[in-house]
Amino acid sequence: MPTRRILIIDDEDDIREVAALSLESVAGWQVSTASSGAEGMRLAAAELPDAILMDVMMPAMDGPTTFREMQKLPELASIPVILLTAKVQGVDQRRFAGLGVTAVLFKPFDPLTLAEQMSEALGWS
Amino acid sequence: MNLIVLVLCATSFAGLGALLLAYLGARKRGGELEKSLAQALEQIAQDESALQKRKQLDTLKDEFISTVSHELRTPLTSIRGALGLLSAGVMGKVDDKALNLLRIASTNTDRLVRLINDILDLERMDTGSAPLHLRRCNLNEVVKQAADTMRSMAEDHDILIDIVPEAKTDAIAFDGDPDRMQQVLVNLLSNAIKFSPNGSTILVVSTLDGNNLLLRIEDTGRGVPADKLETIFDRFQQVEPSDSRQKGGTGLGLAICRSILVQHGGTIWAERNDAHDSTRAGMTFTLRLPRLIAASEVMPLPVAPQGAILVVDDDAGVRQVVAEQLRRHGYTVLETDRGEQAVQIAERQHVEAILLDLYMPGLPGWQTIELLKKNPATANIPVVILSVLSPAANTLDSTQLLSSAQGWVQKPFHESLLLAELGRVLHVGTGPGRILLVEDDEDLASVVLSSFEIERQQGHDEQQIGIHHVSNAADAKHFCLNGPPDILILDLTLPDGSGFELVNWLRQQPNLRTLPLVVYSGREVTGAEMEQLRLGPTQFLTKARVQPKDVEELVLAMMRHLRQPGLETRPAYPAITRP
């Protein structure tokens, strides 16, 4: 797998760290992290990552809102976004799918296959 | 009991115990909220508001479940992730002892995740917030997909999954939720693999059986003791308490399977293979699903010379049994397998009562009853629901159903219960109403009695009701044996035994087992107790919450409803059926 640059946006410090470690050490990707939607948008604009892995439930600006805001900015609109959510109810799933994100993955994720799942969803494999 | 198991599991993870307790606390509060519906008696005239309240409550529950789900998963995500990375050696070499500990922590985290998923699954089915996404399915295909999913687990145990599909592939279509049915099969296959000896074969056989599809999953494992064949479908009922640790199950799998089957209008049961052939080891789980019936197979419209009982059920076996029982007791019987036809027959012929199944291809029972009650020609025909669902189940809007049907018999049923219920709906409404109040507190009894008396003096009593009072169980039995009352109002604490014993006795009397009952107790009745106390249409009131006047209003409303089926456009009384 070629080296990819990923931005992780999650307000939970622990999850950010585990997900980052997982992508770095299992897939060898370069990872940067942001702890809020706003910080995530700033970092995304500065770094233009290959993909964004973003939590759904965050204070202030949640995942879906951040995604919609990014769609308004031409330089960010083309970055594929994968939502990572602990909400697994069918109604939530359908709502997220309707947003136009690349994929929705569920927590708890398997740290050993997270990169693989992302690659598959992004058509990288 | 379940709660204790949950809390014990959870305490090994900081914070989770507290969350689960909060969740369970809220469940309890939810139960109280439901009971407070009983307070809404004054709103009998405004039932829509009660319905709305119920819906709000369901929405609250849904939101709560969704939040708990999220709150539990978030810390587990970090734990599982960290343990996974460490035990895979991704973060550097770990010595063997430490690795073993990491593996223990890791498998138990997985177990906790499965447990949470299963609990939430069941909870959603219970609250009806996991509706089925029905599609036309083919049984052979669903089986094949489930087997494919389990193939690698089976290979790990050196076990072969041998599928014997029904040859008539066209005939085994059903309307179901393929994801849910897959969940059932994966669960059963995974159990079979776990409990089968290495090198053995698991047989999956689908067959056509009249209007049903049968699917058998046969293994050669250690089997379940004969006395536990039914309890294994209860929650947290594993055969060996150590199974959850050793086999990694949650103890909820079979309960989920049964819920899903019931939602599909089907059933699931377990048998020991040696019950049929003493030399065979292992278990067979059988699933029965109602199949779709092609238009060409629709039955011709039957005709009856005089008043008849119409049996509406797509299962030819059930129709045959019911018809035979009724004919033996002198009833004329008409049969149909579809709701649409039931409405036509009821319109054109003299039908005295309708026995109605809920799950049928085409027009389901709950829509059939709606059509019947809307149509002036059929609105007055009493309807008895004949269903695998209990009136307390929430897979359907039972409030709506309870308010339009006059009776309910749960399948599988005993002949005498069916006859009693039919007899009750056919014979109500003649002569003055008889109400029996069983209450040992003389003061309270006289207040309730005078409340009915006032009603009569004011001339509101168009129903000519006579209320009788006894103060112990023995007198109550004596009264009932001399002629069943129309409604029984029952206090739970009596000088010569409890109300539970009296209800138990009533249940054993062929002509009393479906008596309409109002339980008027000094304390809150739990969900399990409600099940023990249910006779015919049963309502629960708590003394601290309602006034004697409310009791009278509820009883009169029940009486009106029992005597004038279909005349009321709104539910006659709020159905408080859910624990």
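The figures that follow rest on heavy atoms only: side chains count, while hydrogens, waters and symmetry mates do not. Each chain gets a letter, A, B and so on, in the order the sequences are listed, and its residues count up from 1. What you see is a predicted model, and the numbers here were worked out from it, not measured in a lab.
Proximity of a side-chain donor or acceptor of B:T77 to a complementary backbone N or O of B:R73 within less than 3.5 Å is detected. Distance alone, capped at 3.5 Å, is enough to place a donor-acceptor pair between the B:N108 side chain and the B:I104 backbone. Panel note: side chain A:E39, backbone A:S35; a donor-acceptor pair is recorded below 3.5 Å.
When side chains are defined from C-beta on, B:K144 counts as touching B:D148, because their heavy atoms get closer than 4.5 Å.
Along residues 4-22 of chain A, the residues that come nearer than 4.5 angstrom to chain B, judged on non-hydrogen atoms, are A:E12, A:D14, A:I15, A:V18, A:L21, A:S22 in order of number.
Taking every heavy atom of both residues into account, B:L99 and B:S87 meet most closely at CD1-O, 3.5 Å.
At a cut-off of 3.5 Å, with distance as the only test, a side-chain donor of A:T65 or A:D62 sits close to an acceptor on the other residue.
Proximity to chain B (any heavy atom under 4.5 Å) is shown, for A:D55, by neither the backbone nor the side chain.
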